[in-house]
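Each chain gets a letter, A, B and so on, in the order its sequence line appears, and its residues count up from 1.
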Protein chains: 2
Amino acid sequence: MASRGRTNPLALAVLTLLYERPMHPYEMSSTLRERGKEDSIKLNYGSLYSVIESLRKRGLVTTQEVVRSGRRPERTVYALTAAGKAEMIDWLSDLVAQPVKEFPQFEAALSLLPTLPLEDAIRLLESRLRRQTDIMQTGDAMLANARDQGFPRLLLIESEFRQALLKAEIRYIRTLVDELKSGELTGVDFWRRMDELRNSGLPREEVAARVADMIKEGTTWLDGHSND
Amino acid sequence: MASRGRTNPLALAVLTLLYERPMHPYEMSSTLRERGKEDSIKLNYGSLYSVIESLRKRGLVTTQEVVRSGRRPERTVYALTAAGKAEMIDWLSDLVAQPVKEFPQFEAALSLLPTLPLEDAIRLLESRLRRQTDIMQTGDAMLANARDQGFPRLLLIESEFRQALLKAEIRYIRTLVDELKSGELTGVDFWRRMDELRNSGLPREEVAARVADMIKEGTTWLDGHSND
DNA sequence: GCTCAAATACTCGACCCAGAGTATTTGAGC
DNA sequence: GCTCAAATACTCTGGGTCGAGTATTTGAGC
């Protein structure tokens, strides 16, 4: 298995493009942009040229020819090798079938949320909700429009997927805000006491100690739930 | 706004830990692990030491003391500065309130899916569904168990959130598989014809041309839907 | 009191990536 | 036919990240 260097999905996109026909890097970037892939695959020039060079070193693509029109920079045209085609199929199949653990920033933020005062956290979450709702509506409008134009849904599944996740996110946060406000989420009472402690300028070590205690009180639940 | 160098959320986690009390790096990593944060914030030693060094350079933490017990390596204890506390609050607030565009690998995979033969794609998606379902059940069991132990839900919101997204993902893929099988998703008919073309060893350029045509036929729908 | 695995505590180098910078050419509008 | 913005086509550098490697110490079990 040549599963080294499967970090940047942009490299996979390059392989799929060269599966269609030989291309030079700049053309790859414009094609990806035209097809709307830059919404799903992070694309920037620096990375593009360096992933292509790394594919070449690994023997997955070859430089087919170097053309020059006028005094423009040379355009190096790349083509897919047999190994490249195999790697493309293997990598893509893997991405489809194997869920990989990812670390969305907002999940990190949630895990640190009680560091902020409760009231602030609620305000910030509500502000996020408004923005998310805007994004969701724009996306839905775009999809509806595309459908009306007769654009095949097959080429929009990644956007539909993103919208589905976005909606789930919104639903979860809405519920969370409600439960924070009503205090029905267990631990919120404690959060309130923590905020009071922090406000009434007690020695920070005292506060820290109590906080640590409260967090500790129940860490026995930690058992293996690995996924790779 | 000192919003440079807000790349790795691990740095934010470090700031929140030092907000509780001074610590040395290894203790930070064990604390994060104990509290189950490594599920939500990617943690590895190499990054830990380098993000701390970068925080120090930016004046957000200071080295408080260097202790040595026995002939063990020295432990450098770090503390939060005033600027560090401000940055922590600002950064965390930002993460909570501002949705950031991310690029999950599976979304990339979906956007390239029609590169694979239809039947293979379906098989792979079904295989993913099985794995996702397993992960989901493990997660639900873990959450139920924690709740039974009296563990405060407040400290589990990031896991609840992850489960909510996972379930949405499963729902979407289930529907997608159904629609691929029934052919009710527009464009699947075209996918089938593409597969036939590729199978009946026609000149690759011929195939490529027809594929490109089909993809092009409808790219006018592309209008701005930016979010940053 | 000996052994060996696990925990403690970090270091290092190779690779990867982002984004600003560079230089030319085309083409729309006056 | 001149100008200037947009498109074409990359290059370079600095910083970030990963994961394997190193070296000591504790402690459980025989």
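Here the side chain of A:Lys37 pairs a donor or acceptor atom with the backbone of B:Ser111 at under 3.5 angstrom. Counting only distance, with no hydrogens or angles, the side chain of A:Ser93 and the backbone of A:Ile89 share a donor-acceptor pair below 3.5 Å.
OP1 or OP2 of D:dT8 has at least one side-chain nitrogen or oxygen of A:Tyr26 nearer than 4.0 Å.
Separating the OH atom of A:Tyr49 from the C1' atom of C:dG19 is a distance of 14 Å, rounded to the nearest angstrom. A straight line from NE2 of B:His24 to C1' of C:dA7 spans 12 Å, rounded to a whole angstrom. Rounded to a whole Å, the CZ atom of A:Arg56 is 14 Å from the P atom of C:dC15. In this entry the distance linking CE of B:Met23 with P of C:dC10 reads 13 Å, nearest Å. To the nearest angstrom, P of D:dC10 lies 8 Å from OH of A:Tyr78. Counting to the nearest Å, the P atom of C:dC10 and the CD atom of B:Glu27 are 10 Å from each other. When rounded to the nearest whole Å, the span between NZ of B:Lys57 and C1' of D:dG14 equals 11 Å. The CG atom of A:Leu48 sits 12 Å away from the P atom of C:dC17 (whole-angstrom rounding).
The environment of NZ in B:Lys167 is crowded: more than 12 heavy-atom neighbours from other residues, nucleotides or ligands sit within 6.0 Å.
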With 3.5 Å as the limit, what N/O pairs link the protein to nucleotides 16-20 of chain D?
unit_1, atom_1, unit_2, atom_2, d
D:dT17, OP2, B:Asn8, ND2, 3.4
D:dC18, OP1, B:Lys42, NZ, 2.9
D:dC18, OP2, B:Asn44, ND2, 3.3
D:dC18, OP2, B:Ser47, OG, 3.0

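Heavy-atom minimum distance, A:Arg33 versus A:Leu43: NH2-CD2, 3.9 Å. The two residues A:Arg58 and A:Glu87 have their closest heavy-atom pair at NH2-OE2, 3.5 Å.
By the 4.0 Å N-to-carboxylate-O rule, A:Arg56 lies close enough to A:Glu53 to be salt-bridged with it. Using a cut-off of 4.0 Å between Lys/Arg side-chain N and Asp/Glu carboxylate O, B:Glu160 and B:Arg147 are scored as not salt-bridged. Looking at A:Glu169 and A:Arg131, no side-chain N of the basic residue comes within less than 4.0 Å of a carboxylate O on the acidic one, giving no salt bridge.
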Quiz: residues 23-30 of chain A side-chain donor-acceptor pairs under 3.5 angstrom, not counting sequence neighbours:
unit_1, atom_1, unit_2, atom_2, d
A:Glu27, OE2, A:Arg21, NH1, 2.7
A:Ser29, OG, A:Tyr26, O, 3.0
A:Ser30, OG, A:Tyr26, O, 2.7

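Inter-axis angle, ends of the helix from C:dG1-D:dC30 to C:dC30-D:dG1, five pairs per end, rounded to 10 degrees: 30°.
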